[in-house]
Structure formats: C-alpha cells, structure tokens
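Throughout, a chain's letter reflects where its sequence line sits, starting with A, and its residues are numbered from 1. Heavy atoms only: backbone and side chains are in, while hydrogens, waters and symmetry mates are out. This is a predicted model, so every value here is computed, not measured.
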There are 2 protein chains.
Amino acid sequence: MNTLFKALNDPTRRAILELLRERPLTAGEIADHFTFSKPTISHHLDLLRQADLVNSDKQGQFVTYTLNMTVMDELLGWLLQFKPSSDSTP
Amino acid sequence: MNTLFKALNDPTRRAILELLRERPLTAGEIADHFTFSKPTISHHLDLLRQADLVNSDKQGQFVTYTLNMTVMDELLGWLLQFKPSSDSTP
DNA sequence: TTGTTATTTAGATAAATATCTAAATACTTC
DNA sequence: GAAGTATTTAGATATTTATCTAAATAACAA
C-alpha cells in the first residue's frame, strides 16, 4: 500500500500511467512525451514497476512497458471501505 | 489531484482517515492513537484538510474532525478510467 | 570488431517532507 | 484576571525525493 501510494504521488508517474492506458510503449517512447531526461523517466518507471503498476518486457534493445492494473484493485478496495455502503459506482 | 495524492501518501494520515471512519474525533483524541507529538498530528490533519479529506469544526476549545469523502469520488473516477469497461466493482 | 542506439546505473544536488521542542493562541473555570 | 487545557504556529533538523550529467550495459548493424 505504501509503495502504491508513493508511486501514485507524482504527476509525471500518473501521466505515464495515462499514456499506457492507450497502448504499451517502450521506455524511449514514454520519455519522448516529457521534457525530463531519460534517466529521470527510467527512475519513474522503476518506481511504477516496484509498485506493480506496470510490467516491463525486454525485446532486443527495447523495453516495453504495459499497464498492470491488478494492484489498482487493491486501491479500489481501500477506497470503497469509506463508502457508506450505499453504493454509486458506475 | 496533487494535494489529494500527497495527503494519502503517508501511513499516519491514512490511519487517521480509517479512525474517522468510525466517528468524528477531536484533534486530541486522534493524537492519542499515535506516539507522535501533537504538533506532528496537527500538521497531518492540516494536510488532510488541505486535500478536503476532512472537515474541521471548532466547538469551544475542541476541534472536531470528520471525514469528507466527496473528494474520494474524484479519486474513484480517476481510478475507474483504467478499468477496461467491463466492471467488477462490488 | 567498431560504431550506433536504447536503456539503466551511479553519484551529486536542490527541494520537499516528517518530525521534534518551544512558544503562541484561544477557550474555560475559578 | 489567573491558571489550566486544547490546539496550532514557528523554527530547526534529518530524511526522502526528483532531477541532472556522466558512465555503464546491452543489442544491433556495418
């Protein structure tokens, strides 16, 4: 839970997740969407991987990142514990 | 969104939210659940208030804190954008 | 093998954060 | 008004974090 919230507590990392919502992307493609250096993006990807929010798959010299939303379900569960039982989830 | 994730990115603050799930509590009552100093808890409460996760209400010398979950809906919405449309929310 | 591209690792630095103690504020009661 | 209680503010400090540049690793291509 700690690593999950830590990973989500950064606008760049949340933007990366939103990018990956469209389709898997390589580290370089992700970096191209930002003005930060590649090492910086690599570090963000590392934190996302630590939180299990993304999977990485090396194909040749490229590393492709994909969303892994199973952990988000954990967050969803945490959230719903605050919902007063009457539910309005769409 | 930034202040929301920032507020949630701390185990003490999440524990405070879980305490308030039961019932409203005064700042002192909340502080009694932890070993941190009162100023530290006060600071955490301040961040929770900034994120609109709690409301504070001063009654005499006591300040009572209550959950305000309307912002959580924002988070819920953000989360659900990652859900692949087929839904499994309980 | 040599050069080129993709990505990560190492190390440094500035900014943000969690925590503390001491002091200030505000209310209550005598 | 003085003393006591509840809470917050101020200021300091140690840790964490986001970022950078330079270097390392790995794969491809010639």
- Item | Atom-to-atom span, CZ of A:F34 to P of D:dA18 - whole angstrom | 14 Å
- Among residues 56-67 of chain A, which contact DNA chain D at a heavy-atom distance under 4.0 Å? A:K58, A:G60, A:Q61
- Query: Of B:D52, B:V71, B:N9, which is the lone residue that meets side chain to side chain contact (heavy atoms under 4.5 Å, CB included) with B:L4?
  - Reply: B:V71
- Do B:W78 and A:L20 belong to the same hydrophobic cluster, where Ile, Leu, Val, Met, Phe, Trp and Tyr are linked whenever their side-chain heavy atoms lie under 4.5 Å apart, directly or via other members? yes
- Note on the structure: In whole angstroms, the gap separating C1' of D:dA6 from CG of B:D46 amounts to 16 Å
- Message: Set out, in order, the CA-CA distance, both residues' side-chain angles and the distance that settles side chain to side chain contact (heavy atoms under 4.5 Å, CB included) for B:M69 and A:K83, then state yes or no.
- Response: CA-CA 8 Å; B:M69 296 318 296; A:K83 280 290 187 180; over 6 Å; no
- Whole angstrom value for the distance that separates P of D:dT7 from CG of B:L45: 10 Å
- So, B:R14 side chain and B:L8 main chain: donor-acceptor pair closer than 3.5 Å or not? yes
- Examine distances only and state if a side-chain atom of A:R49 and a backbone atom of A:Y65 form a donor-acceptor pair shorter than 3.5 Å. no
- Under 4.0 angstrom between A:T40 side-chain N/O and D:dT19 OP1 or OP2: no
- Query: Are A:L53 and A:F34 linked, directly or through other ILVMFWY residues, by side chains that come within less than 4.5 angstrom of each other?
  - Reply: yes
- Within the structure shown, what part of the strands sits under 4.0 Å from B:D10 by heavy-atom distance: base, sugar-phosphate, or nothing? sugar-phosphate
- Query: How close or far is atom P of D:dA6 from atom NE2 of B:H43, stated in whole angstroms?
  - Reply: 23 Å
- Item | Nucleotide of C:dA18, C:dC20, D:dT19 approaching A:T12 most closely (side-chain heavy atoms) | D:dT19
- Rounded to whole Å, the CD1-P distance (B:I41 to C:dT21) equals 13 Å
- Query: For the side chain of A:A27, counting heavy atoms from C-beta on, which of C:dT8, D:dT19, C:dA22 is nearest?
  - Reply: C:dT8
- Query: Where the side chain of A:K38 is defined as all heavy atoms beyond and including C-beta, which of D:dC20, D:dT8, C:dT8 is the nearest nucleotide?
  - Reply: C:dT8
- With respect to the side chain of A:H44, which nucleotide from D:dA18, C:dA18, C:dT21 is positioned closest? D:dA18
- Give the rounded distance in Å between these two atoms: CZ of B:F36 and P of D:dT8. 17 Å
- Query: With respect to the phosphate group of C:dT19, does any side-chain polar atom (N or O) of B:S37 fall under 4.0 Å of OP1 or OP2?
  - Reply: no
- Message: I want to check one thing: is the phosphate of D:dT17, taken as OP1 and OP2, less than 4.0 Å away from some side-chain N or O of A:K6?
- Response: yes
- Any donor-acceptor pair under 3.5 Å from B:N55 side chain to B:T66 backbone: no
- Taking a hydrophobic cluster as the set of Ile, Leu, Val, Met, Phe, Trp and Tyr residues connected by side-chain heavy atoms closer than 4.5 Å, whether directly or through intermediates, do B:L47 and B:L17 fall within one such cluster? no
- Is the phosphate of D:dT7, meaning OP1 or OP2, less than 4.0 Å from a side-chain N or O of B:T26? yes
- B:T64 side chain reached by B:T26 side chain, heavy atoms, under 4.5 Å: yes
- Message: Would you say that A:L75 contacts A:F5 through its side chain, given a criterion of any heavy-atom pair below 4.5 Å between the two side chains?
- Response: yes
- Note on the structure: Taking five pairs at each terminus, the helix from C:dT1-D:dA30 to C:dC30-D:dG1 shows an axis bend, to 10°, of 20°
- How close or far is atom C1' of C:dA18 from atom CG of A:N9, stated in whole angstroms? 14 Å
- Task: Name the nucleic acid region contacted by B:L47, choosing base, sugar-phosphate or nothing; use a 4.0 angstrom heavy-atom cut-off, strictly under.
- Result: sugar-phosphate
- Task: Would you mind reading off the distance between A:L48 atom CG and D:dA18 atom C1', rounded to a whole angstrom?
- Result: 14 Å
